[in-house]
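Everything below concerns the one structure shown next.
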2 protein chains.
Amino acid sequence: MSRPASVTIEHVAAAAGVSRQTVSRVINNGPNVKPAVRIRVMGAIEDLGYVPNLAARRMGGARSFLILAINDRQRTIDNWRVGRGNDWVDQMLHGGMLTCEERGYHLLFELIDTDPAMARAQMGRVLSALSPDGVILTPPHTENLELAQLLQARAIPLGRMGSSHMPDGINAFMSDFDAAGAAVAHLLALKHRRIGFISGSAQYAASLERVRGYEEAIARAGLAQAEGFVQYGDFSFDSGARAAACMLSLPAAPTAIIAGNDEMAFAVLHVAADRGLCVPEALSVISFDDTPGVRFSVPPLTAIRQPISALAATVTEKLIAASTGTPMDGNFVLPFELIRRSSTAVCAA
Amino acid sequence: MSRPASVTIEHVAAAAGVSRQTVSRVINNGPNVKPAVRIRVMGAIEDLGYVPNLAARRMGGARSFLILAINDRQRTIDNWRVGRGNDWVDQMLHGGMLTCEERGYHLLFELIDTDPAMARAQMGRVLSALSPDGVILTPPHTENLELAQLLQARAIPLGRMGSSHMPDGINAFMSDFDAAGAAVAHLLALKHRRIGFISGSAQYAASLERVRGYEEAIARAGLAQAEGFVQYGDFSFDSGARAAACMLSLPAAPTAIIAGNDEMAFAVLHVAADRGLCVPEALSVISFDDTPGVRFSVPPLTAIRQPISALAATVTEKLIAASTGTPMDGNFVLPFELIRRSSTAVCAA
DNA sequence: CAAGAAAATGAGAGCGCTCTCAACGCCCAT
DNA sequence: ATGGGCGTTGAGAGCGCTCTCATTTTCTTG
């Protein structure tokens, strides 16, 4: 109630009858503070409503308590232009922010261009300005090794979401390989023999992993890999529609299609409707991601749910740990989930 | 290339042969710097790749270059739990962040509880820790006047998104009244005479505005206000379904329904399908918001598009202006859009 | 119970910037 | 010329915190 604008560490120190430094030790949970003193200081903090100022803490040479989440600028702009959301953001907010909150950190979203030169410049600027304690890269920046180097040069812990097989950093992802396998297994169990796969852009390691998982599951089932059953799109509706049209025009068309993301799965649904193919009676469809809209498509899509919130939470947590303690890189494989809805059924053929 | 970790203002000053203070004037676009000197300093900044450190600038007693965007914690958690996204976040990211970027500011999302006591405490903590230059409130916190007071006490500019008729602050919103009127007008033009309205929670001023707009448009058309044609939900699917079921069970059921958000509109679609009512042949549906999933419902929904990105951009811009120059409150009414898709058609009855 | 080690505390400097204010030029009017 | 005024520059202090290191207190242990 005193002066709401600024209760500083000095006020607390005075109130508790200790030095600034002791208060600092208490708020940082440092060692070597007598229990009685600690309690007294915490009492003073409570009474005065003291909250350490982040900027000052950063200036003191310590941590900034800032975690940067890097999203793609182009994608954000493009998605908006076509009325599409960035399905990751809100879930990242959930997982990342709640984790930050617990630890007194703050999550800061930044947009960075896809173009490597731009990305480098922007990243450098942001790092200098904010001096974050950790940076989370999301696709497509996960694949940008130059950014990783930039961070390494400044000794800033790096995390990635949804990207596996990276040489460094903290990487949280689901097993794309297994997820594709699970999708195939689900369809095989429904007696499907002709299963198509519409992959996302081949430039993403995750896409290739999924294709591998698909192919291996097909092979393991003793099925031959049919010509044209794997198509590459770019995650967009149009590319999905093209791929679906192509696949469904095959002499022996697939009776089930797995799409690399929800948007392309919607496109499959659309193309199927155009051709009078009922889903799931005449064609089963599985999508990857399971973003919010999926529940309301007709029929609602069976989908592989990517645990985005959990990925964000994991990366954030490890990043904070890395920034305080010893650097600890590593891979964290989080479970996906196959959500069964109404777009898959027993093969009629 | 020198020492990537920290090029400070001092280095630039030395390189340009001027004092720290002059460099400061240049980066802050201050007056009273000779053009030749300004150019020389900017050259040095460029050469050294100098980026002012935000924490230090804040410490200097100046701005923090941080804009806080407050979202509801409960809603974020709940939405996630039911697999729903927070449709606002990604669009806010688009509008707010791009605006911040231009001005060298940063957008920081924070979650705050709905409960007033919690909200007050959390807000106080965040303000002390971050000392932002501006705060953006989103629903439901827009309605919390206590938060507004808290900000006023600290002289931090306040903005609100999607909330009208507020006594203070910078408020950007669409005309909910007009939007509801436009929805009604669209249906009237399609010869509908029995039009229902499923409102969101009555605790939101925006909801009431929409009901007012609806009622006035109905009255202006010379139509009587039928019993049970206005129902209140809480923006959830279930509440929308309940309201729709109720309305469609009326002796003289509406031939068109306007829903207060997309989620409730999906519920109307669902209930209609259950009862064998074809949309749009037997029932026209219009929704509010036009979030990404709307395009993929069956049929795709005709909707009032809320300009969330533009709202965020406007509030952010005005907030930055307010924090630098004179405090300037005011209302900024942004245009909505009626997006015609396939859920509305000429009345068959 | 002394003496050394370990724990607890405080003092001082400094992080990178902006603030205030004093000092320096410069141009014009007298 | 010569002073007042303005535009321009720099010096010094300080923002709130943490760092390092010196100092004091407390606990061991022979």
Under the ring-ring contact (aromatic ring centres under 6.0 Å, His included) rule, collect the residues that match up with H141(B), sequence neighbours excluded.
none
Got a salt bridge between R81(B) and D78(B), using NZ or NE/NH1/NH2 to carboxylate O under 4.0 Å?
yes
Got a sec, which pairs hit salt bridge (Lys or Arg N to Asp or Glu O under 4.0 Å) with one end in residues 20-34 of chain B, sequence neighbours left out?
E10(B)-R20(B)
Pair listing, salt bridge (Lys or Arg N to Asp or Glu O under 4.0 Å) test, anchored in residues 157-174 of chain A, at least two apart:
R160(A)-D168(A)
Start and end of chain A contact along DNA chain C [non-hydrogen atoms, under 4.0 Å]
dA7(C) to dG16(C)
Per nearest nucleotide of DNA chain D, the residue lying toward the 5' end, R20(B) or Y50(A), is R20(B)
Collect all protein-nucleotide pairs involving nucleotides 5-9 of chain D in which both atoms are nitrogen or oxygen and the distance is under 3.5 Å.
| unit_1 | atom_1 | unit_2 | atom_2 | d |
| --- | --- | --- | --- | --- |
| dT9(D) | OP2 | K34(B) | N | 2.9 |
| dT9(D) | O4 | R25(B) | NH2 | 3.4 |

Closer than 3.5 angstrom, by distance alone: can the side chain of N171(B) be matched with the main-chain N or O of N331(B) as a donor-acceptor pair?
no
I need the single residue from L68(A), T99(A), I67(A) that forms a side-chain contact (heavy atoms from CB on, under 4.5 Å) with L107(A). Which is it?
I67(A)
When rounded to whole Å, the CD1 to P distance for the pair I9(B) and dG10(D) reads 12 Å
Establish, from distance only, whether the side-chain atoms of R120(A) and N144(A) form a donor-acceptor pair under 3.5 Å.
no
Just call it for R58(A): base, sugar-phosphate, or nothing, with non-hydrogen atoms closer than 4.0 Å on any strand.
nothing
Output side-chain donor-acceptor pairs under 3.5 Å for residues 315-323 of chain B, partner residues at least two apart or in another chain, one line each.
| unit_1 | atom_1 | unit_2 | atom_2 | d |
| --- | --- | --- | --- | --- |
| T316(B) | OG1 | A312(B) | O | 2.6 |
| S323(B) | OG | Y105(B) | OH | 3.4 |
| S323(B) | OG | I320(B) | O | 3.0 |

